[in-house]
Amino acid sequence: MAENIVVLGGGIIGVNVAAHLAEAGQKVLIVDRSGICEETSSGNAGALAFADVLPLSQKGMMGQVPRWLFDPLGPFAIPPAYALQIAPWLVRFLIASRPQRYESALAAQASLMKLSAKAWPDLLKRAGSIDMLHKEGSLELYTSEAAFKASLPGWDARAKCGISFTHVEGAELEAIQPGLAPFIKRGTYVPGWYTVADPRQVGQRVWAHAEAHGARFLPGEVATITREGDSLRLSFTDGRSVDCRKIVVAAGAYSRKFARLFGDTIPLETERGYNTTLPLDAFPIAKQLIFGGHGFIVSPLATGIRIGGAVELGGLKRPPNYARAQAMLEKASRFLPGLKREGGRQWMGYRPSLPDSLPVIGRSRRDRDVVLAFGHGHLGLTQGAATGKIVRSLVLEEAPPVDLSAFSPQRF
């Protein structure tokens, strides 16, 4: 007997999709080669970054990209040997920075974030895991007056989207986060920016909720997908196969080849993200600290102090360059005097990124029984619950909770 729905991918998007569909009484099977939230979804910064609505190609950023590209350990890097391969993606990225494209992407991202801000607490309450949600807000920090002034247009754009924030300095800044370097004199506090206790653990809590509603997990690596009459057949690399009625492709950075099987050529690239997780006593972090001009975040998690971020567009096959994690750690120690750098664990993960900074959420070109849900970049955790809610509506043939035109797989 064919499965009802197969979700291809056991990361944070996949488990949210499974939870929402299982709650609706659907028979759901997740397929993943590794496990539940064992790869990229296990090592992110733990942010529910509802205020992060600016596209990566945001105004003001394009002037900095050439300088950053000459710094192999900087906030935005491309290995020289990969430059030719990624050139078409970069052209699309530049086009996305045009004012009309930018404003459209900003509005779409804001709508998805508004849905996310409600969907996550609602889901965690239903899953009995609201204790995993922390509401301390975030603090963006500036290492110069020029950096602060350069950030203001972005904050104006956020204000137009209804996002609350407060610029702070002096004693007010010190009260929010003691122990900053003396040269850090300005910051922006965002109360509606939440975090989770640990990204891997919250993903597994959501999965436990899905399992309680009947969802199942099958380990395996899918080689191809074909239409077999009224069913779709997933064929595994080890010779096994599974038939189902509908498929949701939520395999993160590995999704492009599956989308292509159903007529969608998606310009998916890989932001390779790095971090170092230090012991809990490494520094008394009050809330998530964001050093946007330097491309990294410092996060207080239940499992340690995580320092990570930056963008390295390097694909799926190149070996990790952990010097990038080390560079962020060294910068953090300059900005946070007293940071204990010993005993850290380094990590690298693959963020699935599209040039306009918007995910793909919608039906495939050739088969309406195949739904695509990937390409969230560094916002997969943030937008996971909202994506699950949207995919549920598509699978059940209901009206989606937001306008999906900007997220269409056919927009490219």
Side-chain angles (χ1 to χ4, degrees), residues 9 11 33-34 38-45 55-58 60-97 221-223 237 251-261 264-276 291-297 307-332 344-360 374-380 412:
R33 66 180 186 178
S34 301
E38 292 291 349
E39 295 193 24
T40 298
S41 295
S42 70
N44 63 67
L56 189 58
S57 58
Q58 61 188 272
M61 178 181 175
M62 299 311 299
Q64 301 182 67
V65 169
R67 174 175 59 84
W68 285 346
L69 290 177
F70 283 102
D71 180 359
L73 301 180
F76 191 105
I78 300 173
Y82 196 68
L84 184 61
Q85 184 173 339
I86 201 176
W89 189 95
L90 288 175
V91 171
R92 291 180 180 272
F93 181 74
L94 291 169
I95 292 172
S97 70
E221 186 167 357
V222 175
T237 55
Y254 299 91
S255 299
R256 181 168 54 185
K257 65 179 181 179
F258 300 114
R260 190 180 294 124
L261 294 174
D264 290 291
T265 302
I266 310 294
L268 185 68
E269 257 303 334
T270 307
E271 279 184 52
R272 293 145 56 96
Y274 294 84
N275 66 48
T276 302
F291 295 89
H294 299 270
F296 72 93
I297 288 177
I307 299 170
V311 173
E312 181 189 49
L313 295 167
L316 293 166
K317 297 180 180 179
R318 300 178 63 83
N321 177 14
Y322 286 115
R324 293 182 62 75
Q326 186 62 30
M328 286 185 282
L329 184 59
E330 291 174 1
K331 275 189 177 181
R345 306 184 310 276
Q346 292 181 328
W347 178 91
M348 189 269 283
Y350 301 109
R351 308 182 192 114
S353 296
L354 294 168
D356 58 3
S357 299
L358 299 176
V360 159
F374 58 84
H376 296 73
H378 60 280
L379 296 171
F412 298 106

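One finds the OG atom of S255 at 6.5 Å from the CG atom of L268 (value rounded to the nearest 0.5 Å). Rounding to the nearest 0.5 Å places CZ of R351 at 9.5 Å from CG of L313. Here the CD1 atom belonging to I307 is positioned 5.0 Å from the CG atom belonging to L329, to the nearest 0.5 angstrom. To the nearest 0.5 angstrom, S357 atom OG is 7.5 Å from H378 atom NE2. To the nearest 0.5 Å, atoms CG (L56) and CG (D356) are separated by 10.5 Å. A distance of 8.5 Å separates CG in L379 from NE2 in H376, rounded to the nearest 0.5 Å.
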| task | Walk me through it: do Y254 and E39 pass the test side-chain contact (heavy atoms from CB on, under 4.5 Å)? | result | CA-CA 12 Å; Y254 299 91; E39 295 193 24; 4.1 Å; yes
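Between T265 and F412, every side-chain heavy-atom pair lies at or beyond the 4.5 Å cut-off.
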Review item, side-chain donor-acceptor pairs of residues 81-94, under 3.5 Å, at least two apart:
| unit_1 | atom_1 | unit_2 | atom_2 | d |
| --- | --- | --- | --- | --- |
| Y82 | OH | E269 | OE1 | 3.0 |
| Y82 | OH | E269 | OE2 | 2.7 |
| W89 | NE1 | P267 | O | 3.3 |
| W89 | NE1 | S353 | O | 3.4 |

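Summarising the geometry of S42 relative to W347, their closest heavy-atom pair is OG-NE1, 3.8 Å, with the distance given to 0.1 Å. What you find for P355 and A96 is that their closest heavy atoms are O-CB, 3.6 Å. Smallest separation of non-hydrogen atoms from A253 and P352: N-CB, 3.4 Å.
With sequence neighbours excluded, the residues satisfying side chain to side chain contact (heavy atoms under 4.5 Å, CB included) with A310 are R324, M328. A327 meets the side chain to side chain contact (heavy atoms under 4.5 Å, CB included) test with L73; sequence neighbours excluded.
Taking the six-membered ring for Trp and thresholds of 30 and 60 degrees, Y322 and Y274 have ring planes more than 60 degrees apart, a perpendicular arrangement.
Formation of a donor-acceptor pair under 3.5 Å by the N275 side chain with backbone atoms of A45 is not found in this model. With T40 contributing its side chain and Y350 its backbone, the two residues share a donor-acceptor pair below 3.5 Å.
When the options R272, E271, M348 are evaluated for a side chain to side chain contact (heavy atoms under 4.5 Å, CB included) with E312, the one that passes is R272.
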